[in-house]
2 protein chains.
Amino acid sequence: MLNRTPSPALCRPDGGPVRVLVVDDEHDLTDVLCQALRYEGWEVRSAADGASAVAAARSFRPDAVVLDWMLPDTDGLAVLRELRAEAKGICVLFLTARDAVEDRIAGITAGGDDYVTKPFSLEEVLARLRGLLRRAGMAREPSGSLLVVGDLVMDEEAREVSRAGTAVELSRTEFELLRFLMRNPRRVLSKAVILDRVWAYDFGGRAHVVELYISYLRKKIDAGRTPLIHTVRGVGYVLKPEAA
Amino acid sequence: MLNRTPSPALCRPDGGPVRVLVVDDEHDLTDVLCQALRYEGWEVRSAADGASAVAAARSFRPDAVVLDWMLPDTDGLAVLRELRAEAKGICVLFLTARDAVEDRIAGITAGGDDYVTKPFSLEEVLARLRGLLRRAGMAREPSGSLLVVGDLVMDEEAREVSRAGTAVELSRTEFELLRFLMRNPRRVLSKAVILDRVWAYDFGGRAHVVELYISYLRKKIDAGRTPLIHTVRGVGYVLKPEAA
DNA sequence: CCCCGTCTTCAGAGGGTTCTCAGAAGATGC
DNA sequence: GCATCTTCTGAGAACCCTCTGAAGACGGGG
C-alpha cells in the first residue's frame with residue numbers, strides 16, 4: 001500500500017497529530033478510510049452509529065469527524081448538533097448519497113462544514129478533509145495548498161496547474177490523478193493503487209483507464225519538455241524531475 | 001463550507017479579533033451563524049435568551065451583537081437597552097420576521113444599528129455586520145468597502161459595480177452573488193457553497209438557479225470582454241482575471 | 001533477432017453537466 | 001391596481017468528459 005512520511009503540513013496547535021473520527025455503519029468503508037487517514041499521519045478512531053460516535057467524540061476529542069449522513073440509529077444532523085454542543089470548532093465532513101444532497105444537506109456547508117457524495121474516491125475525501133482542517137487553522141503554513149514537483153506547480157484551492165510558468169487546463173479526473181501523483185513524488189505507484197485512490201470505490205473498470213489518463217496528462221504536461229511522468233514497466237508510474 | 005483567510009480588514013483597536021455575540025433561540029440558526037462568523041476570523045459566543053445574553057455580554061464584552069427581535073423571555077428592545085446601559089458603543093444587528101414591526105425597528109436603527117429580515121442569507125448578515133463594525137471605527141483601512149478583481153470594481157456600501165470604468169446595473173441577487181465571488185477571488189466555489197451563502201437558508205430550490213444567475217452575471221460583466229467568471233466543470237465557478 | 005506481453009494512442013459512443021431561452025409567479029413601485 | 005422588474009422553473013441544445021475497444025509501438029527475455 002502507500003507509505004508516507006507523517007503529514008508535515010497539518011497538525012494541531014499543540015504539535016500533536018490531527019485526530020479524526022470516522023462514523024459509518026459500513027465496515028468495509030470505515031476500514032479503508034481509517035487506513036488511508038492513518039497513512040496520512042493522523043490519529044484515527046471509528047464508530048458505527050450515532051450514539052457511539054458521540055461517546056467516542058467525548059473521550060477521543062477529535063479535530064475532525066467524517067460522518068455518514070444515514071446512520072442506523074439517528075441521522076447526521078442530530079449527531080452534528082451533539083458534536084457542536086460539545087466542541088464548537090470541530091470540522092465535519094459528511095458522506096451522503098448523491099440524491100440526498102439537494103434537499104437536506106443544503107445548509108450544512110454554510111457553517112463551514114463540507115460533504116462528499118457516495119460513491120467517492122479516497123483522494124477526494126482526503127482533499128476535502130485537508131481543506132477543512134486548513135481553514136480551521138490547523139495548517140502549519142497558511143499557503144499549504146501549493147504542490148510543487150520540479151517546475152510543475154499545482155494550486156489545489158484554485159485548481160490551477162502550470163508547468164514552467166505556463167498554465168495547463170485539466171479535466172476533473174486528470175486533476176485528481178495529477179494531485180495524487182504530486183502528493184507522492186518520487187514514489188512508484190501501481191495502477192491498482194492509483195485506481196483505488198483516485199477512482200470511486202465502486203468503479204468496475206480496469207487499469208486501462210489509468211494508462212489512458214496518464215497519456216492525457218503526458219500530452220498536457222510533458223509534451224515537448226523533459227518528462228516528469230515516468231513508466232516503470234510492470235510496476236506502475238512515478239512522478240519526478242530528472243530522467244534518472 | 002467557507003474558505004477564507006482570517007479577516008484582515010476588520011479588527012479591534014487593540015489588534016485582537018472582533019468579538020461577536022449571537023443571540024437567538026433557534027439552535028440550528030445560531031450554530032450556522034457562529035460557525036460562519038468564526039471562519040470570518042472573529043471570536044464568537046452565543047446565547048439563547050435575553051437574560052443570558054445580557055450576562056454573556058457582561059463577561060464577554062463583545063464589539064457587536066446579532067440579536068433576534070423575538071426571544072422567549074423578553075423582546076429585543078429590552079435587551080438593547082440593557083446592552084446600551086453597559087457598553088455605549090456596541091453595535092447591534094437585529095434579526096426580525098419580515099412583516100413584524102418594520103417601523104419600530106426603523107426607529108431603532110436610527111441609532112446606528114441595523115437589521116436583517118428573516119429568512120436571510122449568510123452573506124447578507126456578514127455584509128451588514130461588516131458595515132456596522134466599519135462605521136464603528138473597527139476598519140483597519142477606511143476604504144474597506146471597495147472590492148476589486150481585475151478591472152471589476154464593487155463599492156459595497158454604494159451598491160455600485162463597474163467593469164473597466166463603465167457602470168453595471170445588477171439586481172439584488174446578482175449583486176449578492178457577485179459580492180460573494182469577489183470576496184473569494186481565485187478560489188473555486190461549488191454551487192452548493194454558493195447556494196448556502198448567497199441564498200436564504202430556507203431556500204428549497206436546486207443548484208440550477210446558481211447556473212442561471214451566473215449566466216446573468218456573465219451577460220452583464222463578461223459580455224464581449226475577456227471573461228472573469230470561469231466554469232470549473234464538475235466543481236463550481238471561479239472569479240479571476242486572466243484566462244489561465 | 002524474434003516473440004510476446006505491456007504500454008500507448010486513436011477514434012468514437014454514451015452519459016452527464018452546463019448554458020440559455022421562454023414563460024409563470026411573485027415582488028415592487030407608481 | 002397596473003406596469004415593471006425580479007426570481008425561479010422547466011426543457012432543449014450544446015458541449016465536454018469519461019470510458020471502451022482496437023490497433024500499433026515498445027521493450028525484455030529467450
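Just so we're on the same page: letters track the sequence lines, and every chain starts at 1. None of these values were measured; they are calculated from a predicted model. Both backbone and side-chain heavy atoms feed into the values below; hydrogens, waters and symmetry mates do not.
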Closer than 4.0 Å, any side-chain N/O of [X] to the OP1 or OP2 of [N]?
X: W199(B); N: dT7(D); answer: no
X: K191(B); N: dT18(C); answer: yes
X: T231(A); N: dT6(C); answer: no
X: R218(B); N: dC19(C); answer: yes
X: Y216(B); N: dC8(D); answer: no
X: Y213(A); N: dT20(D); answer: no
X: S171(B); N: dT7(D); answer: yes

Presence of salt bridge, E124(A) and R172(A), under 4.0 angstrom: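 Salt bridge: yes.
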Carboxylate-amine/guanidinium contact K220(B) E174(B), below 4.0 Å: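 Judged by the 4.0 Å cut-off on N to carboxylate O distance, K220(B) and E174(B) do form a salt bridge.
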Roughly, in whole Å, what's the span from [atom1] in [X] to [atom2] in [N]?
X: I229(A); N: dC7(C); atom1: CD1; atom2: P; answer: 15 Å
X: E211(A); N: dT20(D); atom1: CD; atom2: P; answer: 12 Å
X: H230(A); N: dT6(C); atom1: NE2; atom2: P; answer: 23 Å
X: K220(A); N: dC16(D); atom1: NZ; atom2: P; answer: 12 Å
X: E174(B); N: dC5(D); atom1: CD; atom2: C1'; answer: 11 Å
X: I194(A); N: dC7(C); atom1: CD1; atom2: P; answer: 11 Å
X: H208(A); N: dG5(C); atom1: NE2; atom2: C1'; answer: 15 Å
X: I214(A); N: dT6(C); atom1: CD1; atom2: P; answer: 18 Å

N/O donor-acceptor pair, side chain R233(A) with base dC26(D), under 3.5 angstrom: yes
Upstream residue (5' side of DNA chain C) when V235(A) and L212(A) are each assigned their closest nucleotide: V235(A)
Shortest non-hydrogen separation from A64(A) to L133(A) and the atoms involved: CB-CD2, 4.0 Å
Distance-only polar pair, side chains of R218(B) and T231(B), donor-acceptor under 3.5 Å: yes
From V116(B), D113(B), V66(B), residue fulfilling side-chain contact (heavy atoms from CB on, under 4.5 Å) relative to R128(B): V116(B)
Test applied, side-chain contact (heavy atoms from CB on, under 4.5 Å); reference residue, L239(A); option that passes from R187(A), M182(A), H230(A): M182(A)
Non-hydrogen side-chain atoms of W199(B) and T173(B) separated by less than 4.5 Å: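 They are in contact (side-chain heavy atoms under 4.5 Å apart), so the answer is yes.
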Heavy-atom side-chain contact between S121(A) and R197(A) under 4.5 Å: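 No; the side chains remain at least 4.5 Å from each other.
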Residue closer to the 5' end of DNA chain D, R206(A) versus T173(A) (nearest nucleotide): T173(A)
Polar-atom pairs under 3.5 Å, protein N or O versus N or O of nucleotides 26-30 of chain C: list them with distances, or write none.
none

